[in-house]
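Each chain gets a letter, A, B and so on, in the order the sequences are listed, and its residues count up from 1.
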Amino acid sequence: MEKLKVGKGELFMPYDADESRHFFKEKNKKLVNKLTTVPEAVEKYIPDGTYIAVGGFGGVRISTSVLHEILRQGKKNLGLSGHTSTHDCQILAAGECFDRCDIAYVIGLEARGLSRVSRKYFESGKVKFTEWTNAALAWRYKAAAMGVSYLPCRTMLGTDTFEQSAAKEVLCPFTGAKYAAVPALSPDVAMIHVHRCDVYGNCQIDGINISDADLAKASKHVIITAERIVPNEEIRRQPWATTIPAWCVDAVIQVPYGSFPGCMEKEYFSDEDHFALWLKKEKDPEEFKAFIKKYILDTKNFSEYLELCGGISRMNDLRFDELLVNPNTK
Amino acid sequence: MEKLKVGKGELFMPYDADESRHFFKEKNKKLVNKLTTVPEAVEKYIPDGTYIAVGGFGGVRISTSVLHEILRQGKKNLGLSGHTSTHDCQILAAGECFDRCDIAYVIGLEARGLSRVSRKYFESGKVKFTEWTNAALAWRYKAAAMGVSYLPCRTMLGTDTFEQSAAKEVLCPFTGAKYAAVPALSPDVAMIHVHRCDVYGNCQIDGINISDADLAKASKHVIITAERIVPNEEIRRQPWATTIPAWCVDAVIQVPYGSFPGCMEKEYFSDEDHFALWLKKEKDPEEFKAFIKKYILDTKNFSEYLELCGGISRMNDLRFDELLVNPNTK
Amino acid sequence: MVKYNTMENMICVAARQMEDGSSAAIGTGVPTAAGMLAQKLYAPNLLIFFEAGAAGPILPTMPVSVGDSRTTHHSLLASTMLDTMEAGQRGLLDYTFLGGAQIDKFGNLNSTMLGDDYHHPKVRFPGSGGANDLGSFCWKIMVVTPHAKKRFVEKVDFITTPGFLSGPGAREEAGLYKGTGPFRVITDLAILDYNNPKKRMQVVSLHEGVTLEQVKDNTGFELLVADKLEKTPPPTDEELRILREEIDPSGFIIGRG
Amino acid sequence: MVKYNTMENMICVAARQMEDGSSAAIGTGVPTAAGMLAQKLYAPNLLIFFEAGAAGPILPTMPVSVGDSRTTHHSLLASTMLDTMEAGQRGLLDYTFLGGAQIDKFGNLNSTMLGDDYHHPKVRFPGSGGANDLGSFCWKIMVVTPHAKKRFVEKVDFITTPGFLSGPGAREEAGLYKGTGPFRVITDLAILDYNNPKKRMQVVSLHEGVTLEQVKDNTGFELLVADKLEKTPPPTDEELRILREEIDPSGFIIGRG
């Protein structure tokens with residue numbers, strides 16, 4: 001029988017089922033008010049060295065306010081799950097906040113182009129990385145959400161992506177088929193932006209869920225930012241719309257426009273001008289430094305950032321964009 | 001190293017990934033009107049010998065009309081997935097329609113008691129069976145829905161349930177932990193009752209989904225009965241509410257009260273008097289035969305059955321029950 | 001003191017076993033009644049899961065099925081069977097309540113068949129359903145069952161759901177999670193647990209008017225006895241009132257006692 | 001005849017490759033433009049999937065992200081990334097469109113890095129994203145890319161996404177599904193496929209005004225040539241009209257040609 005291959009990438013977050021089960025056993029399951037502030041949540045749950053994962057899809061439904069606060073508090077040596085990490089990666093790279101990354105997709109901003117700052121950071125030698133794919137990372141969350149230490153899948157096989165991953169080949173005990181086994185990934189902290197949730201953290205998400213239901217279950221701690229807080233009764237009225245239940249959640253913060261400049265289904269479209277501004281500023285290191293200082297480090301909170309970006313009037317335009325409405329025609 | 005155990009149960013539906021992939025490749029993906037009748041759907045998709053699975057949870061959101069028609073058409077030698085199969089199993093056992101069964105839960109009707117007829121059928125030697133658990137069968141659907149030939153889980157280990165299953169022990173390549181590997185299960189036909197769907201088969205389900213999203217994806221053919229058919233536009237208005245997409249579905253039939261005497265979230269509660277009538281009739285083989293003849297074999301369709309059971313007036317009462325409304329108090 | 005029947009007593013005793021702030025995967029019947037009573041009196045923050053997919057309901061009345069719409073009544077979540085099972089698998093579920101036709105001294109449960117030939121059972125039962133799953137995943141297995149010699153047997157005909165299997169260490173060796181296993185058995189005669197090095201069933205508390213002899217006589221294996229044998233307090237008036245008026249006014253479950 | 005640029009030409013050619021009634025997992029940019037054009041002219045029943053979770057949309061305009069709300073616009077499904085990926089894994093997805101910094105003669109793609117030391121790349125790119133997944137699961141991999149020697153290389157620095165790997169049989173040996181693999185490459189010069197026993201890239205059709213020499217000069221490996229070399233029909237007026245007026249009126253993509 002041929003020898004099964006083993007990826008030679010570093011496994012940053014080895015999964016221990018018993019340790020993990022014990023953690024979830026002890027985790028609070030009571031319905032308590034979890035409202036807090038972004039600075040408090042970052043202070044409490046994200047000490048230097050924490051392995052974090054960002055919900056959404058890079059420029060879609062991301063927790064921008066929490067990412068900014070990580071920069072503001074000068075967090076260092078974080079681990080990052082690069083499950084299509086675009087603008088989130090761009091923010092964290094600007095602060096050189098992480099030093100290890102499970103990569104599926106980083107540096108790029110999809111159709112918008114590449115972030116020079118992120119690229120340089122990944123080329124600098126300051127970041128250790130291991131290769132994966134989007135599905136592989138999503139299945140790694142899924143495995144942890146299921147409470148199993150691995151899942152078999154048929155991706156990465158035969159490629160250098162596998163070679164530089166920490167996956168291992170296994171054979172199906174029934175068919176003999178070869179699979180890539182991907183190890184469960186249980187991030188220390190997930191930050192997820194949602195449409196609405198109650199003060200206990202029961203969340204509803206409209207549009208695509210991406211990997212967030214699994215991510216919330218997989219993670220030891222979950223910080224939720226929400227467009228709006230709703231009464232618990234609203235959650236209980238349609239419990240099949242709950243995508244993340246309270247028992248996964250540690251902190252809840254109401255942050256309207258909290259995915260800006262990213263897109264938020266039925267709320268606001270991405271601000272492509274602002275994304276372009278980031279990419280433009282990145283061309284000159286000094287200008288970029290000043291940009292980050294002005295927009296993030298020197299702003300007290302996310303509302304101030306939104307004001308710098310055009311405030312309510314701009315948000316209003318983005319709502320029209322999202323709804324494909326042209327306000328100039330009747 | 002200790003020897004890994006292998007369940008000695010028969011694997012009724014071995015899964016072949018390549019064959020299965022080829023089937024799904026060829027399956028129609030066009031949006032075509034799939035409206036048909038229950039007799040036509042059963043005639044077309046359920047020849048003798050077919051391996052079937054019923055959605056819902058035994059007495060909750062089941063496809064009663066399709067089950068009755070299977071009896072009416074005198075189908076034989078079916079295979080049955082016994083993923084909490086209660087009233088569905090009771091109906092099929094009454095017609096001795098199946099001759100092999102993957103058992104997680106059969107014969108019983110939960111808090112209502114046991115079906116004598118089902119029990120006798122399982123004790124008769126006419127049915128081959130293999131043991132599983134509810135989660136094991138649900139993961140078997142899940143594996144097929146994922147397109148992998150097995151999934152690891154930590155149930156059944158150490159028990160006679162494992163011994164009489166067709167599961168196999170495997171070791172996690174990362175942690176060395178022991179798992180029960182359960183083989184993918186791709187039923188020939190799934191029948192699922194939903195709240196609403198369009199003529200193409202895009203379905204919405206309120207309340208719990210149980211295992212139906214996975215079951216629909218895992219099955220080669222899917223017959224949908226729906227409380228009501230809605231315009232395609234209604235589906236497209238809230239695409240995150242679609243739990244079964246059209247490309248899984250082969251046949252669509254509008255069957256109001258189609259889960260009767262089972263429960264249907266927010267529509268009608270289970271008819272406990274009618275369930276009790278079944279159990280009472282089962283005490284006398286002759287009476288039971290006459291009961292089945294009158295209520296199922298001699299009725300032309302499900303509407304006639306509903307009329308025998310009290311018609312619209314009874315359905316009205318069950319709606320009050322479901323909504324916990326007492327019509328006699330204001 | 002209000003009179004009570006054995007079913008009422010078992011439900012009240014079961015309700016007192018659950019810690020506040022814990023979670024429980026419960027089935028229909030006695031477990032639901034116990035869970036509801038616990039929420040109302042002893043564990044207001046008990047988080048209830050049903051195996052078919054509902055979690056965190058405000059139960060208006062007793063469900064008939066673990067999947068019916070009582071289980072989703074004002075619930076926090078109405079999801080999938082695997083969502084509940086996987087919550088269990090990742091360690092989130094503290095208690096489960098199970099039953100069966102037979103139980104042995106290590107708490108192994110049989111709800112599959114009687115006889116010695118699997119393929120030709122003398123009596124066939126429903127099978128595991130979610131019992132083996134919850135019995136494998138949850139931290140503490142509670143069993144509520146009438147006490148009788150034919151139920152409490154030396155060796156179950158079929159291990160549907162794992163107790164301690166063949167004894168100390170056997171669950172872990174089989175691949176089950178550390179720290180899980182049988183916790184308590186509540187019968188119409190006594191409370192029993194496994195809190196000894198042999199992981200064998202032992203009497204820890206006798207119900208009102210019950211003797212140790214009576215318990216032994218109704219047990220088909222050698223029963224251990226805890227060093228300090230307690231007396232189970234009888235149901236309180238308040239327990240009975242809530243049970244009869246609010247939880248099971250139609251006597252669906254307590255009428256069977 | 002309306003004038004057109006190379007980007008417009010590639011999109012029009014790509015749009016003609018998809019069979020009606022098939023499914024395609026597409027990314028932003030050229031693939032979406034091609035998919036939209038195909039739906040409007042050649043494959044009205046093309047079922048479009050986006051890797052982040054949307055399927056069956058009526059695309060109003062070009063998405064910027066495969067997860068943004070254009071992808072869910074009037075879609076039939078807005079689900080999860082794994083829902084799309086698992087549809088692919090179980091064989092439901094016919095086409096995928098991929099790109100990369102490098103492609104070799106077996107259709108292997110590099111979107112990870114340039115250089116010979118993984119940990120110290122000369123240039124670091126985004127990585128696989130969903131490319132390796134879709135390239136492993138989908139039946140037919142389409143690549144749309146400008147034709148240049150530095151892109152069409154003898155050996156890619158890093159196999160991000162599997163083409164035919166080392167040649168015939170290598171995908172199956174690696175554990176990938178039977179019958180999947182590279183299908184066509186559409187460049188600004190030609191259409192290429194792998195329809196030969198060696199599973200090597202070959203020119204099958206030259207675009208208007210392009211010579212075989214020109215294609216070979218822009219390819220960094222020995223290129224095979226199909227027995228019958230076709231001429232690619234140029235974009236029709238209708239294709240261009242729809243592309244410019246309905247699909248990309250702001251010139252977001254076709255402005256790059």
Side-chain angles (χ1 to χ4, degrees), chain A residues 56-61 82-84 86 103-108 110-112 114 119 122-123 125 128-129 131-136 138-139 142 153-161 163-164 169 177-180 206-214 263-266 269-270 272 275 322 324, chain D residues 27-29 50-54 60-73 78-82 85-86 88-89 108 110 112 118-134 136-137 156-162 165 170-171 173-177 252-253:
Chain A
F57 197 78
V60 177
R61 207 166 44 66
H83 167 285
T84 296
T86 69
I103 297 181
Y105 184 97
V106 292
I107 296 171
E110 297 193 76
R112 301 174 190 104
L114 299 184
R119 171 183 273 178
F122 276 92
E123 290 168 358
K128 293 194 294 179
F129 38 82
E131 218 65 20
W132 305 93
T133 67
N134 270 345
W139 277 313
K142 181 81 187 166
C153 57
R154 253 170 153 174
T155 188
M156 301 195 290
L157 293 164
T159 64
D160 292 324
T161 305
E163 180 92 357
Q164 298 298 344
E169 289 184 351
K178 200 188 287 174
Y179 284 94
D206 298 342
I208 52 173
N209 183 282
I210 309 157
S211 300
D212 291 354
D214 289 331
C263 170
M264 191 73 185
E265 175 91 27
K266 296 276 185 292
F269 198 65
S270 47
E272 293 307 316
F275 275 123
E322 171 64 15
L324 292 161
Chain D
T28 50
F50 287 97
E51 87 185 60
T61 170
M62 310 271 289
V64 195
S65 161
V66 295
D68 76 32
S69 51
R70 304 309 181 222
T71 69
T72 54
H73 186 74
S79 181
T80 65
M81 180 190 280
L82 287 182
M85 294 301 189
E86 290 166 7
Q89 207 168 226
N108 300 305
N110 176 13
T112 301
Y118 168 74
H119 290 286
H120 300 91
K122 270 193 221 157
V123 184
R124 174 71 214 199
F125 299 119
S128 159
N132 181 306
D133 306 312
L134 295 169
S136 296
F137 306 148
V156 294
D157 288 4
F158 189 100
I159 301 182
T160 307
T161 299
L165 296 171
R171 276 179 78 94
E173 206 182 313
L176 297 171
Y177 293 106
F252 182 62
I253 297 299

### Query
For chain D, which of A:Thr133, A:Val60, A:Asp206 has the most heavy-atom pairs under 4.5 Å?
A:Thr133

### Message
Check whether D:Asp133 reaches the backbone of A:Ala135 with its side chain - one donor and one acceptor, N or O, closer than 3.5 Å.
### Response
yes

### Heavy-atom pair count under 4.5 Å with chain A, highest-scoring of D:His120, D:Arg171, D:Met85
D:Met85

### Message
Can you give me the closest heavy-atom contact between D:Ala174 and A:Gly158, atom names plus distance?
### Response
CB-CA, 3.7 Å

### Message
Could you tell me if the side chain of A:Asp214 sits less than 4.5 Å from the side chain of D:Thr80, heavy atoms only?
### Response
no

#### Entry: Among A:Glu322, A:His83, A:Glu123, A:Glu272, residue most engaged with chain D (heavy-atom pairs, under 4.5 Å)
A:Glu123

### Query
What part of D:Phe137 gets closer than 4.5 Å to chain A, counting heavy atoms only: side chain, backbone, both or neither?
side chain

### Query
Can D:Ser128 and A:Glu131 be said to form a side-chain hydrogen bond (donor to acceptor under 3.5 Å, both in side chains), step by step?
CA-CA 8 Å; D:Ser128 159; A:Glu131 218 65 20; over 6 Å; no

### Query
Taking the side chain as C-beta and beyond, is there a heavy-atom pair between A:Glu110 and D:Val64 under 4.5 Å?
no

### Query
Does a side-chain heavy-atom distance below 4.5 Å link D:Phe158 with A:Thr161?
yes

### Query
Among D:Gly29, D:Pro60, D:Ala52, which residue forms the greatest number of heavy-atom pairs with chain A at distances under 4.5 Å?
D:Ala52

### Message
Determine whether D:Thr112 and A:Asp160 satisfy the following criterion, side-chain contact (heavy atoms from CB on, under 4.5 Å), listing intermediate values before the conclusion.
### Response
CA-CA 9 Å; D:Thr112 301; A:Asp160 292 324; over 6 Å; no

### Query
side-chain contact (heavy atoms from CB on, under 4.5 Å) between A:Gln164 and D:His119: does it pass, once the steps are laid out?
CA-CA 9 Å; A:Gln164 298 298 344; D:His119 290 286; 4.2 Å; yes

### Message
Minimum heavy-atom separation for D:Ser65 and A:Phe57, please, with both atom names.
### Response
OG-CD2, 3.6 Å

### Residue pair A:Ile103, D:Arg124: steps toward the side-chain contact (heavy atoms from CB on, under 4.5 Å) verdict
CA-CA 11 Å; A:Ile103 297 181; D:Arg124 174 71 214 199; 3.4 Å; yes

### Query
Does D:Val123 offer a backbone N or O that forms a donor-acceptor pair with the side chain of A:Arg119 under 3.5 Å?
no

## Note on the structure
Given D:Leu165, D:Thr61, D:Thr71, D:Asp68, the one with more heavy-atom pairs under 4.5 angstrom with chain A than any other is D:Asp68

#### Entry: For A:Tyr105 against D:Gly129, the heavy-atom pair lying closest together
CB-CA, 3.7 Å

### Task
Write down the atom of A:Ile208, the atom of D:Ala54, and the distance for their closest heavy-atom approach.
CG2-N, 3.7 Å

#### Entry: Interchain contact, D:Phe50 with chain A, by part (heavy-atom threshold 4.5 Å)
neither

### Task
Under 4.5 Å, counting heavy-atom pairs only, tell me which of A:Lys266, A:Glu265, A:Arg61 racks up the most with chain D.
A:Glu265

#### Entry: Side chain / backbone / both / neither for A:Trp132 at chain D, heavy atoms under 4.5 Å
backbone

### Query
Does any heavy atom of chain D fall under 4.5 Å from the side chain of A:Lys142, the backbone, both, or neither of them?
side chain

### Task
Mind ranking D:Pro126, D:Gly175, D:Ala78 by heavy-atom pairs under 4.5 Å with chain A and telling me who comes out on top?
D:Pro126

### Message
Given heavy-atom pairs under 4.5 angstrom as the criterion, report whether the side chain, backbone, both or neither of D:Thr160 touches chain A.
### Response
both

#### Entry: For chain A, the option from D:Thr28, D:Val156, D:Leu82 that forms the most heavy-atom pairs under 4.5 Å
D:Leu82

### Summary
Answer key: most heavy-atom pairs under 4.5 Å with chain D among A:Leu324, A:Thr84, A:Asn209, A:Ile107 is A:Leu324

### Task
Mind ranking D:Gly53, D:Gly67, D:Gly127, D:Ala170 by heavy-atom pairs under 4.5 Å with chain A and telling me who comes out on top?
D:Gly67

### Query
Quick one: CG on A:Leu157 to CD on D:Glu173, what's the gap to the nearest 0.5 Å?
12.0 Å

### Side chain / backbone / both / neither for D:Pro162 at chain A, heavy atoms under 4.5 Å
both

### Message
Need one label for A:Ala136: side chain, backbone, both or neither, based on atoms under 4.5 Å from any heavy atom in chain D.
### Response
backbone

### Message
Taking side chain as everything from C-beta outward and backbone as N, CA, C, O, which of these in D:Thr161 sits under 4.5 Å from a heavy atom of chain A? Side chain, backbone, both or neither.
### Response
backbone

### Message
Ignoring hydrogens, what is the shortest heavy-atom contact between A:Ala138 and D:Met81? Give both atom names and the distance.
### Response
CB-SD, 4.0 Å

### Query
To the nearest 0.5 Å, how far apart are CD in D:Gln89 and CH2 in A:Trp139?
4.0 Å

### Task
Could you tell me which portion of A:Phe269 (side chain, backbone, both or neither) has an atom closer than 4.5 angstrom to a non-hydrogen atom of chain D?
side chain

